[in-house]
Amino acid sequence: MERRQHPMNGTAVIYARYSCSRQREASIDDQLRVCRQWCEREGYEVVATYSDYAMSGRTDERPEFQRMIAAAGESDIVLVYMMDRFSRDPYDAPIYKRELERHGVRLVSALESIPDSPEGILYEKLLEGLAAAESAKTSVRSKRGMHGNALKCMANGVPVFGYRVGADGRYEVDEHEAAMVRDAFVMRAAGESYAGIAQALADRGVRTSAGRPCSTAMVTRMLRSMKYRGTYEFGDVRVEGGMPAIVDASTWDDAQATPTKSRGGRGRKATFPLAGRVTCAVCGGNMGGTSGHGRGGKKYRYYRCPADHVRQVNAAWLESETARRIREALDDDETAMRIAQAVAAYQSDDGAATRREAAQKSLREADRGLQHIQDAIEQGLVTPGMRERIGQLTRQRDTAEAEIARIDAMPRFDVEDFVRFLRVGATLDDAHLLDAFVHQAIVSDEQVIVVYNYSSKEKVEPAHDVLVRLNEVWLPRVATTRTEELPGFILFVFPRVA
């Protein structure tokens, strides 16, 4: 049996995506090329690739993305060019990362080296939040740039079932799809439910933009869109007669007038930014998010201990109070500098210089080995394992050169710059700020202890005991005090008032 020349560290699937017409299809090829090179250097066998073309990262309705998630477990890692290729949505990203982790799959970036440490969590979460914020800004700028096109009733890249985009960039009727749109309006006007219409269209082969069978949501959007009666809409632009009508005004009005049965729900599902990180101080159990309605229908959210060892805590108070205290900390020059120095100390310990020295040593060894082989060949000394050894040394040289290039391309850490970066992080909304900084919130009936996603090396006098869970493992009970050291972490304590 032939011996494998390049031992594999595991298997990988590659996911690539580009967003819109301002990018090019070749960017997918670029992403795949970089990812394959990474796998070759790091010793991962590529078992599958998934690519979504002209699909925004702010939605999870991407056919290849969903196919990749459904096949989770076929590889050891999912490799992306950069993390924002996986998702730009602040809620989708952690949900799908957890789904991968549930199947034992890690998400890895080919270009971003994120350390597996508390500081790595801080980097990753802050960058996710800033990327989501930048995505929102980009969306605003893009919409502003499209405003002129909207005034001309152009499609602006927005697909609408029943229409196609003509050569002039405006909508024109697609008669095959338009016939099904007309049937949907007639069915609704006759009293058919949205779900019934969706099933009928699905049976006729209608699919969503993500390639799934026609859904109730798709039908609801369709039947409520004024575009089908000829009114062009884009953002705040509305032009009567701005596009060809598929149904007449009378049919459209009849479809709107048909009563809609109650779905039995009470609004959108509540969100809990600290989900999975709120812990009962008594039993160590996860305090999951729950919601209820008070008098007048007002909705309340809580984090609750499964065994009721502590009183449930008001989620809005816990989240806002924690975010407020983080902002206060970052607004203090001394505290922000302390955080930056903690990260700087980690970087110094991890040592880019040390890693570069090791890579240079590996490069020198590879070059010497190749030179010795070349000298032997010139002297006519050829051995059976020489070809295999040349391949091993060549890969060693390429890996070392790539590591040196990556380290040299890394921005040099500057404490003052990182203080400014932390200040930018403080401008994030509460959900992003909590996701970036909070490792764990430990709740008792008297107080809340919040553990940060970064570490400290300072020693302080003990004030009280606390138990902290890290990666499902409970750390020993240790003495702590306000905003001071826990093994590997920093925390702050505040009294519970809700």
Side-chain angles (χ1 to χ4, degrees), residues 10-20 28 31-32 35 38-39 44 46-114 116 120-136 138-139 208-212 215 217 268-277 286 288-289 428-429 431-436 438-439 453 471-472:
T11 56
V13 300
I14 298 173
Y15 175 72
R17 174 186 64 79
Y18 82 96
S19 299
C20 61
I28 290 281
Q31 293 174 45
L32 294 176
C35 288
W38 185 95
C39 288
Y44 282 86
V46 179
V47 296
T49 60
Y50 300 89
S51 304
D52 280 311
Y53 294 79
M55 291 282 182
S56 170
R58 299 180 70 186
T59 175
D60 63 350
E61 291 191 0
R62 291 172 269 154
E64 288 292 280
F65 180 83
Q66 289 295 339
R67 203 161 68 85
M68 175 192 70
I69 295 297
E74 65 178 329
S75 64
D76 297 309
I77 66 169
V78 167
L79 181 66
V80 291
Y81 179 73
M82 296 180 71
M83 286 298 184
D84 64 0
R85 298 300 87 192
F86 184 76
S87 177
R88 282 184 176 270
D89 186 273
Y91 301 110
D92 285 347
I95 289 172
Y96 287 111
K97 284 180 184 177
R98 289 193 193 100
E99 179 64 16
L100 292 177
E101 290 169 0
R102 192 170 68 84
H103 290 85
V105 181
R106 290 188 301 117
L107 178 64
V108 179
S109 167
L111 293 189
E112 297 159 320
S113 179
I114 301 175
D116 185 15
I121 299 172
L122 174 62
Y123 276 130
E124 181 178 5
K125 296 300 184 181
L126 272 176
L127 290 174
E128 281 179 4
L130 292 173
E134 181 59 30
S135 179
T138 301
S139 176
T208 67
S209 59
R212 300 170 184 153
S215 64
R268 293 184 61 187
K269 184 178 180 181
T271 57
F272 295 87
L274 289 174
R277 285 176 281 185
N286 176 55
L428 297 172
D429 59 41
H432 285 129
L433 194 69
L434 296 172
D435 197 32
V438 177
H439 170 74
N453 271 328
N471 296 330
E472 307 303 325

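Between V80 and C35, the shortest heavy-atom distance links the atoms C-SG, 3.7 Å. In this structure, V105 and G73 approach most closely via the heavy-atom pair CG2-N, 3.6 Å. Here the closest heavy-atom approach between residue F86 and residue F65 is recorded as O-CE1, 3.5 Å. Contact record, V46 with C39: CG2-SG, 3.8 Å, taken as the closest heavy-atom pair.
Residues satisfying the salt bridge (charged side-chain N to carboxylate O under 4.0 Å, His left out) test with R106, not counting sequence neighbours, are none. By the side-chain contact (heavy atoms from CB on, under 4.5 Å) test, A16 is found to be paired with I28, Q31, L32, S51, residues two or more places apart in sequence or in another chain being considered. Residues passing the side-chain contact (heavy atoms from CB on, under 4.5 Å) test with A71, sequence neighbours excluded: Y50, E74.
Put simply, the residue from I14, L100, V108, I69 that forms a side chain to side chain contact (heavy atoms under 4.5 Å, CB included) with V78 is L100.
Proximity of a side-chain donor or acceptor of T11 to a complementary backbone N or O of D76 within less than 3.5 Å is detected. In this structure a side-chain-to-backbone donor-acceptor pair under 3.5 Å is missing from R17 to D52.
Note that CD of E64 and CD of Q66 are 11.0 Å apart. Values are rounded to the nearest 0.5 Å.
Salt-bridge formation is detected for the pair R277/D435: a Lys NZ or Arg NE/NH1/NH2 atom is positioned less than 4.0 Å from an Asp or Glu carboxylate oxygen.
For the pair Y44/L79, no side-chain contact is recorded, criterion being any heavy-atom separation below 4.5 Å from C-beta on.
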